[in-house]
Amino acid sequence: MKAGDIKNVGVLGAGTMGHGIAQVAAAGGLSVILYDIEGGFLERARARIARSLERLVKHEKMTDAEASQARERIRTTLELEEACREADIVIEAIPEVLELKQKVFAQVDEFSPAHAILASNTSQLSVTTLAAATRRPGQVIGMHWFNPPPLMKLIEIVVAVQTSPETLETVKELSRRLGKTPVVCRDAQGFITTRALTAFLVECYRIYEEGVASAEDIDEAIRLGLNHPMGPLQLSDFVGLDTIAHICDSLVVAYGDRFRPPQTLVNLVRAGRHGAKSGRGFFSHEKK
Ligand SMILES: NC(=O)c1ccc[n+]([C@@H]2O[C@H](COP(=O)([O-])OP(=O)(O)OC[C@H]3O[C@@H](n4cnc5c(N)ncnc54)[C@H](O)[C@@H]3O)[C@@H](O)[C@H]2O)c1
């Protein structure tokens, strides 16, 4: 299947990433079915998509007519089978739990047309393991989007051991059609971006832990001196310190001690200070 043959997309999980991916696909002219396990999540996703499209219109990134066409191209469902039945590609963006994704991939394999590609938005789990949960491993691939999908240009394409060259070409081309820039990497723990970012964050935590500088000054130094849009500790608070600690643990298994989470991170997680979502992490996020 060529990328030009892709007309229908099933997006699984309507959370932070799923709703944004659905929006980008619909804005790119594809017909989208967005699936989640609770109606409330789907309603919330619809509202978030509407707000995001409004903002894009306001900033003259698309016209009013284009925004309403994109909205109309998105249907929602609570039935996994319905999300897959007519899909040319299914993009999975459910929680980062390997057993859950394996189970869903096996079901999606059953419900989807034989030609469909099954893509996972996992940030670091083994796409090879997900491919092995299906009877079409050559058509399984990692399609790692970045948050927020409508604004971030990169798609990191992760090639499982089983992924066919044709699947890779189709997903590369599809990414371009949706206005993104694809990069390709092998299915190695942490891919390119998660591995590189985590190494950098861990070193920043060590700088903080050793008392070399305050959290504010570390962030200021990296923003102004290295031209990062956000300081590493603030970024960590937004990603979620529990999520980062979990990623560190997987990277330690793959690459050894250089990814061991510093005690500061471990303690913040133990204290329930997970960052913005819990009101406190490296910084306070409590509403004044
Ligand atoms: N948040 C990020 O910045 C980011 C960036 C890149 C990749 N990812 C990856 O994207 C995936 C989703 O992350 P997220 O941040 O959007 O999570 P999220 O928690 O915001 O959304 C997950 C959604 O999946 C739904 N869900 C739970 N179980 C489900 C099931 N069995 N079937 C269908 N839907 C189910 C939840 O109800 C929720 O709406 C993860 O694999 C994550 O690692 C996240």
Side-chain angles (χ1 to χ4, degrees), residues 10-24 33-49 52 76-84 87 90-112 118-127 129-130 133 140-158 175 180 182-183 185 187 189-198 201 229-230 234-251 274-278:
V11 177
L12 313 183
T16 308
M17 297 305 290
H19 87 273
I21 294 169
Q23 179 186 327
V24 172
I33 304 197
L34 181 57
Y35 161 78
D36 209 304
I37 47 175
E38 273 185 39
F41 296 130
L42 292 173
E43 270 165 42
R44 189 154 165 249
R46 275 199 176 283
R48 290 169 96 177
I49 290 169
S52 169
T76 53
T77 182
L78 292 169
E79 301 294 328
L80 181 60
E81 185 167 0
E82 193 187 346
C84 301
V90 174
I91 305 174
E92 166 276 310
I94 68 172
E96 189 79 338
V97 178
L98 184 62
E99 295 72 25
L100 178 64
K101 288 192 197 270
Q102 279 176 298
K103 195 178 106 209
V104 168
F105 262 71
Q107 289 171 324
V108 170
D109 184 30
E110 213 160 282
F111 295 146
S112 303
L118 314 186
S120 174
N121 184 46
T122 179
S123 309
Q124 51 124 14
L125 296 174
S126 162
V127 181
T129 306
L130 298 181
V140 176
I141 196 161
M143 198 178 183
H144 184 203
W145 298 64
F146 292 79
N147 188 19
L151 300 184
M152 297 295 282
K153 284 280 169 221
L154 183 67
I155 293 188
E156 193 174 36
I157 297 180
V158 182
S175 306
K180 305 299 178 194
V183 296
C185 71
D187 186 16
Q189 190 74 44
F191 316 140
I192 305 169
T193 51
T194 304
R195 179 170 164 186
L197 174 65
T198 309
L201 292 178
M230 192 184 279
Q234 189 188 8
L235 174 66
S236 302
D237 275 2
F238 285 125
V239 173
L241 302 186
D242 50 335
T243 304
I244 296 174
H246 180 65
I247 291 171
C248 284
D249 291 341
S250 316
L251 290 168
H274 293 177
K277 62 188 168 190
S278 65

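When a ligand or atom number is given, it counts from 1 through the structure's own listing order.
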- Does Ser112 reach the main-chain N or O of Asp109 with its side chain, forming a donor-acceptor pair under 3.5 Å? no
- Can you check side chain to side chain contact (heavy atoms under 4.5 Å, CB included) on Ile91 and Trp145, steps first, answer last? CA-CA 10 Å; Ile91 305 174; Trp145 298 64; 4.2 Å; yes
- Note on the structure: Given the options Leu241, Asp237, Asp242, Lys277 meets side chain to side chain contact (heavy atoms under 4.5 Å, CB included) only with Asp242
- Item | For atom 36 (C) of ligand 1, closest protein heavy-atom neighbour | Asp36 OD1, 3.5 Å
- ligand 1 to Thr122, heavy atom cutoff 4.0 Å, flagged ligand atoms 41 (O)
- Query: Which is closest to atom 24 (O) of ligand 1 in terms of heavy atoms, Gly18, Ala83, Pro95, Gly15?
  - Reply: Pro95
- Residue, atom name and distance, where the atom is the protein heavy atom closest to atom 31 (N) of ligand 1: Leu100 CD1, 3.7 Å
- Item | Protein heavy-atom partner closest to atom 30 (C) of ligand 1 - residue, atom, separation in Å | Ile37 CG2, 3.7 Å
- Just need the protein heavy atom nearest to atom 41 (O) of ligand 1, so name the residue and atom and give the distance. Glu96 OE1, 2.5 Å
- Note: Val239, heavy atoms under 4.0 Å from ligand 1, region reported as neither
- Note on the structure: Sorted by chain and residue number, the side-chain contact (heavy atoms from CB on, under 4.5 Å) partners of His144 (sequence neighbours excluded) come out as Asn121, Ser123, Phe146, Glu156, Phe191, Thr193, Thr194
- Message: Just so I know, are the side chains of Leu118 and Glu92 near enough to count as touching, which here means a heavy-atom distance under 4.5 Å?
- Response: no
- Query: Given that the side chain starts at C-beta and the backbone is N, CA, C, O, which of these parts of His144 lies under 4.0 Å from ligand 1, counting heavy atoms, or is it both or neither?
  - Reply: side chain
- Tell me which one of Leu78, Ile94, Leu12 gets a heavy atom nearest to atom 34 (N) of ligand 1. Ile94
- Are there protein heavy-atom neighbours of atom 28 (N) of ligand 1 below 4.0 Å? yes
- Note on the structure: Applying side-chain hydrogen bond (donor to acceptor under 3.5 Å, both in side chains) to Gln23 and not counting sequence neighbours gives Ser52
- Looking only at distance, does Thr16 have an N or O less than 3.5 Å from an N or O of ligand 1? yes
- Message: Rounded to the nearest 0.5 Å, what separates atom OG1 in Thr16 from atom CZ in Arg48?
- Response: 5.0 Å
- Item | Heteroatom distance test (Ser123, ligand 1): nitrogen or oxygen, under 3.5 angstrom | yes
- Task: Would you indicate whether the side-chain heavy atoms of Leu235 and Leu197 approach each other to under 4.5 Å?
- Result: yes
- Query: With side chains defined as the heavy atoms from C-beta onward, is the minimum distance between Leu125 and Leu130 less than 4.5 Å?
  - Reply: no
- Message: With respect to Met17, determine whether any N or O atom, backbone or side chain, lies less than 3.5 Å from an N or O atom of ligand 1.
- Response: yes
- Task: Please answer whether the main-chain N or O of Gln124 pairs with a side-chain N or O of Glu96 as donor and acceptor at a distance below 3.5 Å.
- Result: yes
- Query: Are any side-chain N or O atoms of Asp36 and backbone N or O atoms of Phe41, one a donor and one an acceptor, separated by less than 3.5 Å?
  - Reply: no
- For ligand 1, the portion of Phe146 having any non-hydrogen atom under 4.0 Å away: neither
- Query: Which protein non-hydrogen atom lies closest to atom 32 (N) of ligand 1, naming both residue and atom, and how far is it?
  - Reply: Tyr35 CE2, 3.5 Å
- Take atom CZ of Arg44 as the centre, draw a 6.0 Å sphere, and report whether it contains more than 12 heavy atoms from other residues, nucleotides or ligands. no
- Query: Relative to the heavy atoms of Asn147, which atoms of ligand 1 are at a distance of less than 4.0 Å?
  - Reply: 3 (O)
- Task: Using a 4.0 Å heavy-atom threshold (strictly under), name the region of Lys101 that reaches ligand 1: side chain, backbone, both or neither.
- Result: side chain
- What's the shortest distance from atom 6 (C) of ligand 1 to any protein heavy atom, and which residue and atom give it? Trp145 O, 3.1 Å
- Query: Who's closest to atom 22 (C) of ligand 1 heavy-atom-wise, of Gly13, Gly40, Ala93?
  - Reply: Ala93
- Message: So, taking the atom named CD1 in Ile21 and the one named CG in Leu12, what distance separates them when rounded to the nearest 0.5 Å?
- Response: 10.0 Å
- Tell me: protein heavy atom nearest atom 10 (O) of ligand 1, and distance? Asn121 ND2, 2.9 Å
- Query: Do protein heavy atoms approach atom 39 (O) of ligand 1 to less than 4.0 Å?
  - Reply: yes
